[in-house]
Amino acid sequence: MSIQIYNTLTRKKEPFIPLEEGKVKMYVCGPTVYNYIHIGNARPVIVFDTVRRYLQYSGYDVNYVSNFTDVDDKIINTANELGEEVGELTERFINAYFEDVGALGCGKADAHPRVTEHIDDIVAFIKVLVEKGYAYEAQGDVYYRTRKFDGYGKLSHQSIDELRVGARIEESGIKENSLDFALWKAAKEGEIAWESPWGKGRPGWHIECSVMAREHLGDTIDIHAGGQDLTFPHHENEIAQSEAMTGKQFARYWMHNGYINIDNEKMSKSLGNFILVHDIRKQIDPKVLRFFMLSVHYRHPVNFSQDLVESAANGLDRIQTAYNNLKHRLGTSADLGDQQDIWTHKVDEAVRLFETAMDDDFNTANAIAAVFELVKTANVYLLEKNTQTAVLDYFISAFDRLMEVLGLPFNGEELLDEEIEGLIEERLTARKERNFSRADEIRDLLKEKGIILEDTAQGTRWKRG
RNA sequence: GGCGGCAUAGCCAAGCGGUAAGGCACGGGUCUGCAACACCCUUACCACCGGUUCGAUUCCGGUUGCCGCCUCCA
């Protein structure tokens, strides 16, 4: 069974067949860096990081590229307000981005190109579009001639005529057609600008992705992804630009994630109802945030609230606890004997369930359910009087692999302070002497230090609470 | 006006033709010196109205409600 991907272009799930066997070229639209990212911005980063991980798990060699928009109106305005250089501002927020996203368990892309590093490529690209008649200069700006591109609207399934009826499209005196969009913007006095055949200016928003995707991945890429709100006009425009340029298909699979809602309303910078990752990760374990987001299918909206995140935290905890308990048992399990197939088969079944879920358009909600199957099975196994090291290892290895795909590796072992260890010993003695008040006293003391003790038939185990 | 999404237990959330996965919370029980962890048990007229079908939560039509894109936006 191969991986199925829901393709916005065809509005269907399609078997995933990359252009080149075993290799995937993937481009994910990155942020405009003039502020910390909010949790809505974080969703695609988490979702597509997970897609990448699963593709890798499935044996693909993934070339993953994600850009930074480091020059545009909002950046210029913010820099002006703060009295900061554009370059300083963007550098600052690019670093913040890596910190936030890293905390959320997202790996770096193979390349993180920036617009300002590709101005020459962009100018060259636009020049070709002008030569081919797909673009025209007007008062120092350059616009894309939307009407000229036959497939315009094929991604968002809109016809140009219908789009024009949309009440909010403003007529521009300069443009030939109201749907035409800027490839190059003439600079205003004092603005950051680059030389071009059309005078000083800077790139429009959409052109950068077309150019950077091509520079880093080639004319045709396998997967192009981003938030749902980029479908139109951003991705539609990218297709128009790139396909006019190369005459080839730009991207084979288009993936779009749903929004994060607050009180059932889209979270967005313009609405002002956003929560910054930078802030929230001081209160909520970023791993919990990631787990929470992956507990819903990526194309569906997810509502954000404190309560929901808390219950997600409890769920994640259950997984972590089962894993810890498995490891704890390693200390008292038997080393001999064959693996007990009845248990390893159950592990295999859960893994298969996980893979089936992920194969189905990266259904992380079901994949997580499969992990809970594993939790359940592990807990039942742990009820056995005698456990076998081989079986325990089999469980642990499965947990490691699956959680790695989800980008939620387990917390490593932390060594206890000698003092705490001594207390646990002392408590053990007290319990043997049936001095329960002293035993409870020690347990409470440790609890205050964030150490939770659990007595089992195989000895006392502890965890950080 | 155009295009699209969603409506499943107290909450979250899968399923999408054969009368409902999983998680969280609640209640009852078992285990425990007491706990904790864990295990067992219990909990759904799938928004409404029609239609297709031997059979629909799943397909088709309609209704209602909510949301999104068409403007910068993940």
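Every chain is numbered from 1, with letters handed out A, B, ... down the list of sequences. The structure displayed is predicted, hence computed values, not measured ones.
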So does [X] get a side-chain nitrogen or oxygen closer than 4.0 Å to the phosphate oxygens (OP1/OP2) of [N]?
X        : N     : value
A:Asn264 : B:C6  : no
A:Lys266 : B:C69 : yes
A:His256 : B:C69 : no

Ring centroid separation [X] to [Y] under 6.0 Å:
X        : Y        : value
A:Phe98  : A:His112 : yes
A:Tyr54  : A:Tyr57  : yes
A:Phe181 : A:Tyr143 : no

Using atom [atom1] of each nucleotide, how far apart are [N] and [M] to the nearest Å?
N     : M     : atom1 : value
B:C31 : B:A21 : P     : 30 Å
B:U52 : B:G65 : C1'   : 26 Å
B:U53 : B:G10 : C1'   : 35 Å
B:A47 : B:C66 : C1'   : 11 Å
B:U42 : B:G51 : C1'   : 38 Å
B:G61 : B:A20 : P     : 26 Å
B:G18 : B:C60 : P     : 15 Å

Salt bridge or not between [X] and [Y]? Use side-chain N to carboxylate O under 4.0 Å.
X        : Y        : result
A:Asp440 : A:Arg427 : no
A:Lys25  : A:Asp110 : no
A:Arg252 : A:Asp222 : yes
A:Arg202 : A:Asp72  : no

Would you indicate which nucleotide in [options] comes nearest to any side-chain atom of [X]?
X        : options             : value
A:Thr32  : B:C37, B:A14, B:A74 : B:A74
A:Ala439 : B:A74, B:G33, B:C72 : B:G33
A:Arg461 : B:A14, B:A74, B:C37 : B:C37
A:Asn363 : B:A14, B:C37, B:A74 : B:A14
A:Asn41  : B:G68, B:A74, B:G15 : B:A74
A:Pro44  : B:A74, B:G15, B:A13 : B:A74
A:Asn379 : B:G68, B:C11, B:C39 : B:C39

For residues A:Leu423 and A:Ile442, report the shortest heavy-atom separation together with the two atoms involved.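 Closest approach of A:Leu423 to A:Ile442: O-CG2, 3.5 Å.
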Please report the shortest heavy-atom distance between A:Ile262 and A:Asn273, naming the atom on each side.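 A:Ile262 and A:Asn273 have their closest heavy atoms at CG1-O, 3.7 Å.
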Output one letter per nucleotide in nucleotides 22-30 of chain B: B when a protein non-hydrogen atom lies under 4.0 Å from the base, S when only the sugar-phosphate is that close, - when neither is. SSSS-----
Using a heavy-atom cut-off of under 4.0 Å over every strand shown, decide if A:Gly226 touches base, sugar-phosphate, or nothing.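 Sugar-phosphate, backbone atoms only, no base.
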Less than 3.5 Å between a donor and an acceptor, one on the side chain of A:Arg443 and one on the base of B:C34, is that the case here?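 Counting by modelled atom types and ignoring angles, a donor-acceptor contact under 3.5 Å is found here.
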Does A:Asp229 make a side-chain donor-acceptor contact with the base of B:G68, cut-off 3.5 Å?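 Counting by modelled atom types and ignoring angles, no donor-acceptor contact under 3.5 Å is found here.
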Expressed in angstrom and rounded to an integer, what is the separation of A:Leu445 atom CG from B:A35 atom P?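 These atoms are roughly 21 Å apart.
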With sequence neighbours excluded, tell me which residues meet side chain to side chain donor-acceptor pair (under 3.5 Å) with A:Asp49.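 So A:Asp49 forms a side chain to side chain donor-acceptor pair (under 3.5 Å) with A:Arg53, A:Arg290.
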A correct dot-bracket answer for RNA chain B, with pairs being Watson-Crick or G-U at under 3.5 Å, [ ] for crossing pairs and | for inter-strand pairs, is (((((((..(((.....[...)))..((((.......)))).....(((((..]....))))))))))))....
